[in-house]
Number of protein chains: 2
Amino acid sequence: MPTTRRRSSPRPETAARRREILQAALEIFGQKGYNNGPLAEIADQVEMTHAGILHHFGSKDRLLVEVLRYRDESDVEGLDEQHIPGGIELFRHLVRTAFTNESRPGIVQAYAVLSAESVTDGNPGRSYFEERYTVLRGEVADALREMCRDRGVDEPANVARASASVLAVMDGLQVQWLLDRDNVELAEASRFAIEAIVTAVLDPRPSPLGDDLP
Amino acid sequence: MPTTRRRSSPRPETAARRREILQAALEIFGQKGYNNGPLAEIADQVEMTHAGILHHFGSKDRLLVEVLRYRDESDVEGLDEQHIPGGIELFRHLVRTAFTNESRPGIVQAYAVLSAESVTDGNPGRSYFEERYTVLRGEVADALREMCRDRGVDEPANVARASASVLAVMDGLQVQWLLDRDNVELAEASRFAIEAIVTAVLDPRPSPLGDDLP
DNA sequence: GAATTGTTACTGACTGCATTGTAAGTTCTA
DNA sequence: TAGAACTTACAATGCAGTCAGTAACAATTC
């Protein structure tokens with residue numbers, strides 16, 4: 001028996017429809033959080049019923065992980081041109097991102113809310129964020145080492161600490177900014193902090209706090 | 001008519017019972033988030049029904065704001081002795097806190113989760129966090145200015161940016177740590193970043209990223 | 001290239017569960 | 001003895017997910 005497999009290809013407009021849903025979900029999850037963001041509201045925004053969304057994504061959990069992947073792609077697409085910068089260019093890119101993010105409160109909020117929510121019990125986005133931070137820390141660390149090499153700094157200490165700190169300060173400032181959007185200082189703070197941290201790696205100096213801490 | 005107002009005072013053990021509830025709520029909200037943390041689960045932990053909790057706090061919203069206030073108090077009580085340190089001592093205190101926090105994942109997670117969740121639509125904890133960050137930034141800024149004065153640094157630039165950055169880096173590192181508790185570097189990163197930022201205020205140097213950024 | 005057949009992309013109705021809040025009743029105690 | 005500190009029972013939503021059905025479309029067959 002040849003058992004000719006019958007398998008229709010998805011319709012041409014389906015991909016676009018899915019993207020519409022992902023966009024709407026990103027907005028709703030960003031505004032209200034994952035647990036507090038009902039499928040029905042996402043469905044409304046794309047003129048569909050919540051059952052339609054479940055048809056495309058199977059479950060709310062799976063929708064979330066696809067939303068997170070989608071955010072990644074659209075981020076790279078929108079800000080970068082094509083390649084990931086390295087060395088000093090990475091940090092310049094991060095600073096520019098901090099500034100352009102001021103015009104995208106939706107995405108900023110989605111990221112802040114969903115990353116923190118991901119550490120709660122049984123959250124489906126957790127492994128996404130675990131991996132994301134690991135990858136990003138690695139990229140920042142590589143860029144830092146490249147800068148050290150360029151400037152003849154041998155055996156740079158604190159590269160790992162600095163990488164985590166750079167990402168942390170950007171995330172933390174975003175939360176503060178979301179709570180107080182009129183505070184323009186907060187955007188500038190990203191540049192200041194990143195410069196401070198990079199400087200401390202390239203040209204370490206004695207601690208102003210003394211050497212007797214833990 | 002004298003209308004002798006009849007108004008019983010609460011029973012002596014009531015205060016302790018309320019504290020038990022606040023403690024349990026802090027745990028549950030920390031583990032599962034505010035929206036995802038049901039009253040029933042908090043009630044279980046103190047051997048009560050959820051209606052009992054509502055008797056004490058009126059609504060879930062009001063419970064949250066009391067939980068946040070409670071966290072503040074117990075924090076100060078546990079770590080500080082009595083007074084808030086200023087100047088260099090504040091930063092030494094912050095670094096020590098970062099280290100001792102490693103043994104209190106519950107509270108750390110509660111803070112990280114609830115602060116991010118507070119920026120979502122209609123969250124009852126929002127104004128608490130708005131005020132908290134404003135106050136904390138002010139305290140850190142004062143401490144920085146004091147250090148500048150002590151060391152003869154005039155018209156220190158970037159004090160506001162540095163204050164926000166210090167808080168941001170601590171918060172951001174906590175999220176990363178919650179996602180990867182085995183990563184011991186992350187605790188040390190707090191000290192490194194705080195030192196870097198304070199140094200950049202006390203003894204500013206040219207940006208390693210160039211001066212042509214936004 | 002028309003008819004057939006299976007699949008996609010839904011909708012609407014429904015199920016079942018979780019959850020906050022309320023109301024009435026009970027016990028205890030200041 | 002009134003009010004504090006509950007409990008039990010219930011009301012009222014809200015929400016994810018299932019299922020049966022329908023219309024449109026794609027692939028296969030003739």
Side-chain angles (χ1 to χ4, degrees), chain A residues 1-22 24-25 28-29 31-67 117 120-125, chain B residues 1-22 24-25 28-29 31-67 117 120-125:
Chain A
M1 223 209 270
T3 56
T4 324
R5 274 223 156 269
R6 213 58 165 57
R7 172 65 183 264
S8 280
S9 39
R11 300 181 195 169
E13 74 244 29
T14 300
R17 207 89 175 85
R18 279 175 60 102
R19 241 175 292 124
E20 271 181 75
I21 297 170
L22 290 170
I28 299 295
F29 289 160
Q31 272 165 47
K32 330 228 315 182
Y34 171 72
N35 287 304
N36 204 31
L39 289 180
E41 209 158 324
I42 298 164
D44 275 1
Q45 226 169 97
V46 296
E47 275 155 322
M48 199 185 276
T49 62
H50 86 276
I53 290 180
L54 288 171
H55 165 72
H56 281 291
F57 296 95
S59 74
K60 198 188 178 188
D61 281 17
R62 262 180 276 167
L63 173 61
L64 176 62
V65 324
E66 296 228 38
V67 163
E117 204 171 359
T120 59
D121 284 4
N123 187 284
Chain B
M1 223 209 265
T3 56
T4 323
R5 274 227 155 265
R6 238 5 186 90
R7 170 65 182 264
S8 283
S9 38
R11 300 181 194 168
E13 75 242 31
T14 299
R17 206 88 175 85
R18 279 177 59 101
R19 240 175 293 123
E20 272 182 75
I21 296 169
L22 290 170
I28 299 295
F29 289 160
Q31 272 166 46
K32 329 227 318 182
Y34 171 71
N35 286 304
N36 205 29
L39 290 178
E41 209 157 325
I42 297 164
D44 275 0
Q45 227 169 96
V46 294
E47 275 155 321
M48 197 185 276
T49 63
H50 84 275
I53 290 180
L54 289 171
H55 166 72
H56 282 290
F57 296 96
S59 75
K60 197 189 177 188
D61 281 18
R62 262 180 276 165
L63 173 62
L64 176 62
V65 324
E66 296 229 36
V67 163
E117 204 171 359
T120 59
D121 283 3
N123 186 286

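Below, chains carry the letters A, B, ... as their sequence lines are ordered, and counting in each starts from 1. Computed from heavy atoms alone, side chains included, the values below leave out hydrogens, waters and symmetry copies.
- For Phe57(B) and dT22(C), the CZ to P distance is 16 Å, given to the nearest whole Å.
- Listed nucleotides: dC6(D), dA5(D), dC10(C). Nearest to the side chain of His56(A): dC10(C).
- Thr120(B) places no side-chain N or O within 3.5 Å of a backbone atom of Asn123(B) that could act as its donor or acceptor partner.
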*Is there a side-chain contact (heavy atoms from CB on, under 4.5 Å) between Tyr34(A) and Leu63(A) once you walk through the steps?*
CA-CA 10 Å; Tyr34(A) 171 72; Leu63(A) 173 61; over 6 Å; no
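- Contact between Arg18(A) and Phe57(A) at its shortest, heavy atoms only, is NH2-CE2, 3.5 Å.
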Could you go through residues 35-43 of chain B and list every donor-acceptor pair under 3.5 Å that involves a side-chain atom there, pairing it with any protein atom two or more places apart or in another chain?
{"from": "Asn35(B)", "atom 1": "ND2", "to": "Glu117(B)", "atom 2": "OE2", "distance (Å)": "2.9"}
{"from": "Glu41(B)", "atom 1": "OE1", "to": "Lys32(B)", "atom 2": "NZ", "distance (Å)": "3.4"}

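- Between Thr49(A) and dT11(C) there is a side-chain N or O to OP1 or OP2 distance below 4.0 Å.
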*Show your reasoning for whether side-chain contact (heavy atoms from CB on, under 4.5 Å) applies to Glu66(A) and Ile21(A).*
CA-CA 10 Å; Glu66(A) 296 228 38; Ile21(A) 297 170; over 6 Å; no
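- Closest approach of Val46(A) to Glu20(A), counting heavy atoms only: CG1-O, 3.7 Å.
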Under 3.5 Å between N/O atoms: give me all the protein pairs with nucleotides 25-29 of chain C, atom names plus distance.
{"from": "dC28(C)", "atom 1": "O2", "to": "Arg11(B)", "atom 2": "NH2", "distance (Å)": "3.0"}

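- For Arg18(B) and dA5(D), the shortest distance from a side-chain N or O to OP1 or OP2 is not below 4.0 Å.
- The CG-C1' distance, from Asp44(A) to dG12(C), rounds to 15 Å in whole Å.
- Atom CD1 of Ile21(A) and atom P of dA9(C) are 10 Å apart (whole Å).
- Among the nucleotides dC10(C), dA5(D), dT7(D), the one closest to the side chain of Met48(B) is dT7(D).
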For nucleotides 12-18 of chain D, print each protein N/O atom paired with a nucleotide N/O atom at under 3.5 Å, atom names and distance only.
{"from": "dA16(D)", "atom 1": "OP1", "to": "Lys60(A)", "atom 2": "NZ", "distance (Å)": "3.0"}
{"from": "dA16(D)", "atom 1": "OP2", "to": "Leu39(A)", "atom 2": "N", "distance (Å)": "3.1"}
{"from": "dG17(D)", "atom 1": "OP2", "to": "Lys60(A)", "atom 2": "N", "distance (Å)": "2.8"}
{"from": "dG17(D)", "atom 1": "N7", "to": "His50(A)", "atom 2": "NE2", "distance (Å)": "2.8"}
{"from": "dG17(D)", "atom 1": "O6", "to": "His50(A)", "atom 2": "NE2", "distance (Å)": "3.0"}

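- Heavy-atom neighbours of Glu13(A) CD from other residues, nucleotides or ligands within 6.0 Å: above the threshold of 12.
- One interatomic measurement links the two molecules: NE2 of His55(B) to P of dT20(C), which rounds to 18 Å at whole-angstrom precision.
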